[in-house]
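Take a look at the structure set out below.
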Amino acid sequence: MKHNALSQWKIKSYYDFRENILDDSRPFPCYFAVEAEKRGHSRYIFSESAYNKDELLKVRDGIYEYIKTYKTIAKRTTLVIFFKPSESILTSEEYKEQFWHVLNFLRENDPEPWVESIPQDPYNSKWEFCFGGEPIFVVSRMPIYNARKSRYTSGGLEITLQPRGTLDDITGDTKKGQQVRKVIRERLEVYDDVEIHPDIGDYGVEGAYEWKQYVLPERNEESVMRCPITGAKLND
């Protein structure tokens, strides 16, 4: 990464991220992200704000460009979006609001229509966030976690996007996909100081909802009961 022109918060966010997921003494659970970073297949966007419209339009355009070209990078590639850390201490709810605001902004300003094959009902197990004509696996990290260390970052809000096309050969109904999930879950059990959250499930499996995994609660007794994208609650 060339960082001559980058401000200090961008440099720190990136190197904290890199040091964190490449720490050999504590293997990061998502080894796709680890391998993408090791091989130079990760891409990055830095944003000064999770609310400023002009900044979010830049984020939108950057994601769209990535979606159009990701297949030329590698089979396993990720896009990491770093947001400038707040100058004040934010609450857990404020970080979650940032995340959902960004995702809703992208949905409302998507240059492409929703993917026809993906249901729009978030309580359909085949639902997945779509942008730029692509279903995308989304993960967030924030400075709000203590025990759930795999979701912790010391900087600001961090969002990682993995287009479904990078994972389509390791779906849960394949032997390779099942092995991948086994390894990730084993790593999670070691990495986190809390058991795997019950909302973490496999895409397409009845009762598993992708959006519930985007921002996990610190405690396993908690769960998001109303979809922050549509406002709908199950059986409304």
Side-chain angles (χ1 to χ4, degrees), residues 1-23 25-26 28-30 32-34 36-38 40 42-66 77-109 129 131 136-162 188 191-194 197 211 213-219 222 224 228-229:
M1 168 177 277
K2 298 178 181 178
H3 53 72
N4 292 344
L6 292 181
S7 54
Q8 282 302 311
W9 79 263
K10 296 176 182 176
I11 296 171
K12 185 176 189 314
S13 294
Y14 169 69
Y15 281 105
D16 284 352
F17 161 81
R18 181 176 171 82
E19 181 179 351
N20 181 216
I21 71 165
L22 297 188
D23 183 355
S25 67
R26 298 175 67 245
F28 192 73
C30 181
F32 294 136
V34 174
E37 181 63 21
K38 279 183 179 176
S42 301
R43 297 294 182 267
Y44 320 97
I45 292 174
F46 298 91
S47 179
E48 297 282 339
S49 169
Y51 290 106
N52 180 277
K53 183 178 179 180
D54 290 339
E55 284 295 310
L56 290 180
L57 286 173
K58 292 178 187 174
V59 171
R60 179 201 65 172
D61 293 346
I63 297 173
Y64 192 42
E65 181 65 24
Y66 171 77
T77 170
T78 62
L79 176 66
V80 187
I81 308 167
F82 300 100
F83 290 88
K84 185 177 182 178
S86 173
E87 295 180 357
S88 57
I89 297 175
L90 302 184
T91 66
S92 172
E93 290 308 310
E94 287 173 321
Y95 274 110
K96 292 172 184 176
E97 284 177 13
Q98 281 190 355
F99 172 79
W100 291 114
H101 178 79
V102 172
L103 222 60
N104 274 314
F105 181 90
L106 293 173
R107 188 173 70 99
E108 292 167 0
N109 292 275
F129 184 74
F131 179 83
I136 301 172
F137 181 69
V138 182
V139 173
S140 69
R141 301 203 309 166
M142 309 169 182
I144 63 174
Y145 297 105
N146 291 309
R148 203 173 300 285
K149 298 185 183 307
S150 58
R151 297 298 182 105
Y152 171 80
T153 179
S154 60
L157 171 65
E158 182 185 300
I159 301 176
T160 296
L161 306 181
Q162 290 178 294
L188 263 179
Y191 199 89
D192 286 350
D193 294 336
V194 60
H197 197 282
W211 55 271
Q213 306 178 43
Y214 293 172
V215 183
L216 288 173
E218 172 78 337
R219 291 156 40 86
E222 300 172 8
V224 183
I229 297 176

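Note that the OH atom of Tyr95 and the CE atom of Met142 stand 9.0 Å from one another [nearest 0.5 Å]. In this structure, Asn146 CG and Arg151 CZ are separated by 15.5 Å, a value rounded to the nearest 0.5 Å. A distance of 10.0 Å separates NE2 in His197 from CD in Gln213, rounded to the nearest 0.5 Å. The CG atom of Leu157 lies 7.5 Å from the CZ atom of Phe99; values are rounded to the nearest 0.5 Å. Here Tyr191 contributes atom OH and Cys30 contributes atom SG; the two are 11.5 Å apart, rounded to the nearest 0.5 Å. Note that the CG atom of Leu161 and the CG atom of Leu103 stand 8.0 Å from one another [nearest 0.5 Å].
In this pair, His101 and Tyr51 present their aromatic rings tilted. The plane angle is within the 30 to 60° band.
Relative to the ring axis of Phe131, Arg107 does not place its NZ or CZ within 45° and under 6.0 Å from the centre.
Proximity of Phe17 to Arg141: side-chain heavy atoms (C-beta onward) are separated by under 4.5 Å at one or more points. Inter-residue side-chain proximity for Glu19 and Asp23 is flagged as unmet; no heavy-atom pair is nearer than 4.5 Å. The shortest side-chain heavy-atom distance between Ile159 and Val102 falls under the 4.5 Å cut-off. Between Glu218 and Ile144 the shortest side-chain heavy-atom distance does not fall below 4.5 Å. For the pair Ser154/Lys12, a side-chain contact is recorded, criterion being any heavy-atom separation below 4.5 Å from C-beta on. Two residues are said to be in side-chain contact when any heavy atoms from C-beta on lie closer than 4.5 Å; Phe32 and Gln162 meet this criterion. Under the 4.5 Å side-chain criterion, counting only non-hydrogen atoms from C-beta, Thr153 is not in contact with Tyr145. With contacts defined as side-chain heavy-atom distances shorter than 4.5 Å, the pair Tyr14/Tyr44 qualifies.
When only modelled atom types and interatomic distance are considered, Arg26 and Asn20 share no side-chain donor-acceptor pair under 3.5 Å. When only modelled atom types and interatomic distance are considered, Tyr66 and Thr77 share a side-chain donor-acceptor pair under 3.5 Å.
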Legend entry - side chain to side chain contact (heavy atoms under 4.5 Å, CB included) between Glu37 and Arg18, intermediate numbers included: CA-CA 7 Å; Glu37 181 63 21; Arg18 181 176 171 82; 2.8 Å; yes
Inset, instruction - Test side chain to side chain contact (heavy atoms under 4.5 Å, CB included) on Glu158 and Val80 and set out the steps. - result: CA-CA 7 Å; Glu158 182 185 300; Val80 187; 3.8 Å; yes
Legend entry - side chain to side chain contact (heavy atoms under 4.5 Å, CB included) between Phe129 and Tyr214, intermediate numbers included: CA-CA 10 Å; Phe129 184 74; Tyr214 293 172; 3.4 Å; yes
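Shortest non-hydrogen contact noted between Ala33 and Ser42 is O-OG, 4.4 Å. The shortest non-hydrogen separation linking Ser49 to Asn52 is OG-N, 2.9 Å. Nearest heavy atoms, Trp9 versus Pro85: CE3-CD, 3.6 Å. Here the closest non-hydrogen pair linking Thr78 and Thr160 is CB-CG2, 4.1 Å.
The backbone N or O of Val194 sits nowhere less than 3.5 Å from a side-chain atom of Asp192 that would complete a donor-acceptor pair. A donor-acceptor contact shorter than 3.5 Å links the side chain of Asn104 to the backbone of Trp100.
Sorted by first then second residue, the salt bridge (charged side-chain N to carboxylate O under 4.0 Å, His left out) pairs that include residues 85-95, not counting sequence neighbours, are Glu93-Lys96.
Applying the side chain to side chain donor-acceptor pair (under 3.5 Å) criterion to Gln98, with sequence neighbours excluded, gives no partner residue.
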Considering only distance and modelled atom types, tabulate donor-acceptor pairs under 3.5 Å from the side chains of residues 56-64, sequence neighbours left out.
| unit_1 | atom_1 | unit_2 | atom_2 | d |
| --- | --- | --- | --- | --- |
| Lys58 | NZ | Glu55 | OE2 | 3.3 |
| Arg60 | NH1 | Asn109 | O | 3.4 |
| Tyr64 | OH | Glu112 | OE2 | 2.4 |

